[in-house]
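Okay, structure first, notes after.
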Amino acid sequence: SLAGCSSKLGLHPIWQGPIRIPGGTRQSPIDIRVRDSVFDPHLQPLSITYDPSTCLQIWNNGYAFLVEFDDSTDKSVIRGGPLKNQFKLKQFHFHWGAIDDWGSEHTVDSKVFPAELHLVHWNCCKYASFEEAIMEDNGLAVIAVFLKIGKHHQELQKLIDALPLVKHKDTLTEFKNFDPSCLLPYCPDYWTYFGSLTTPPLSESVTWIIKKRPIQVSPNQLAGFRNLLFTSVGEEEKNMVDNFRPLQPLMNRTVHSNFK
Ligand SMILES: NS(=O)(=O)c1ccc(C(=O)NCc2ccc(F)cc2)cc1
Ligand SMILES: [Zn+2]
């Protein structure tokens, strides 16, 4: 099949992107081996301030659905933790599987979660735009939150109810007054390491902050993600599932934690 042959060329069936980037030394995602992570007492608490008035729209870009924010103000920002500067929220999106047993990009001691949320921020102290920051080694900070199957997530349902409006690639819908703080676990514990984007251009510009505790969503809510399509209007329909990249080698990196 097409997918089969592209994997022989070292291309990932979904993205036709490289499974391994030539010369890549800090690629993502990785398996977080908890016993190899190093507690760093100097890691500050992460300061997260999100303003729901900056929430703009939802866009299906053919890889995932993105909830996009107005980054012309500094109302939705993070700082502290492993970060030396302030970073502005640009968008958040998820990665998920065709079934509940698989879907996350990162794993913890080889444990896979059904889905993973990425809150994408860019270094507004050092760069003028997201597009510029994405190419710089300390340009981006992505907070990753694992999703597990459990109780219904009240606020997430507002987002899921809007997904039928962005079913096809390159469709978008207005989406206002959503506070992404509701998608964060209360527990402040996280791991952090230097990595990359997990979709093309795979830029090695990301400080990853991986929350230790997952959030819970119901089986039906996760099923709502799977009704989205990779394909545009008029194309043969392909359900948007398994939009996660394979694990990448840790190489010469240490994962740090802010907890013992
Ligand atoms: N899964 S992840 O969190 O690692 C991730 C986050 C953002 C992007 C992205 O913005 N790509 C589009 C893009 C690429 C280059 C640009 F210059 C602008 C936008 C890709 C992957
Ligand atoms: Zn992502």
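Order of appearance sets the numbers: ligands from 1, and atoms from 1 within every ligand. Residue numbers run from 1 in the order of the sequence given.
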| Identify the closest protein heavy atom to atom 16 (C) of ligand 1: which residue and atom is it, and at what distance? | Ile134 CD1, 3.7 Å

| Thr198 N/O to ligand 1 N/O under 3.5 Å | yes

| task | Distance to 0.1 Å, residue and atom name: give those for the protein heavy atom nearest to atom 7 (C) of ligand 1. | result | Gln91 NE2, 3.6 Å

| query | Heavy-atom contacts under 4.0 Å between Pro201 and ligand 1: side chain, backbone, both, or neither? | reply | side chain

| query | Are His95 and ligand 1 in contact, using a heavy-atom cut-off of under 4.0 Å? | reply | yes

| In His95, which N, O or S atom comes closest to the Zn ion (ligand 2)? | NE2

| message | Would His118 and Trp208 count as a ring pair (Phe, Tyr, Trp, His ring centres under 6.0 Å) here? Give the steps. | response | CA-CA 10 Å; His118 290 159; Trp208 281 95; 4.8 Å; yes

| query | Regarding Lys111 and the six-membered ring of Phe113, is the cationic atom NZ or CZ under 6.0 Å from the ring centre and inside 45° of its axis? | reply | yes

| query | So is Tyr63 in contact with ligand 1, going by heavy-atom distances below 4.0 Å? | reply | no

| said: Could you work out, for atom 8 (C) of ligand 1, the closest of Leu140, Ile143, Leu202, Leu197 by heavy-atom distance? | reply: Leu197

| message | Could you identify the single nearest non-hydrogen protein atom to atom 21 (C) of ligand 1 and state the distance to 0.1 Å? | response | Thr199 OG1, 3.2 Å

| Is any NZ, NE, NH1 or NH2 atom of the basic residue among Lys158 and Asp179 found under 4.0 Å from an Asp or Glu carboxylate oxygen of the other? | no

| task | Work out whether the distance between some heavy atom of Trp208 and some atom of ligand 1 is less than 4.0 Å. | result | yes

| remark: Residue set satisfying ring-ring contact (aromatic ring centres under 6.0 Å, His included) with Trp191, at least two apart, ordered chain then number -> Phe259

| field | Check ion pair Asp71-Lys88 (N to O, under 4.0 angstrom) | value | no

| query | Rounded to the nearest 0.5 Å, how far apart are OG1 of Thr54 and CG of Leu56? | reply | 7.0 Å

| said: Of all the N, O or S atoms in His118, which has the shortest distance to the Zn ion (ligand 2)? | reply: ND1

| remark: Short version for His93: what comes under 4.0 Å of ligand 1, heavy atoms counted, is side chain

| said: Using the rule given for ring pair (Phe, Tyr, Trp, His ring centres under 6.0 Å), can you reason through Phe69 versus Tyr50, listing the C-alpha separation, both sets of side-chain angles and the distance that settles it, and then say yes or no? | reply: CA-CA 10 Å; Phe69 289 77; Tyr50 292 148; 7.2 Å; no

| Neighbour count above 12 (heavy atom, 6.0 Å) for Phe175 CZ | yes

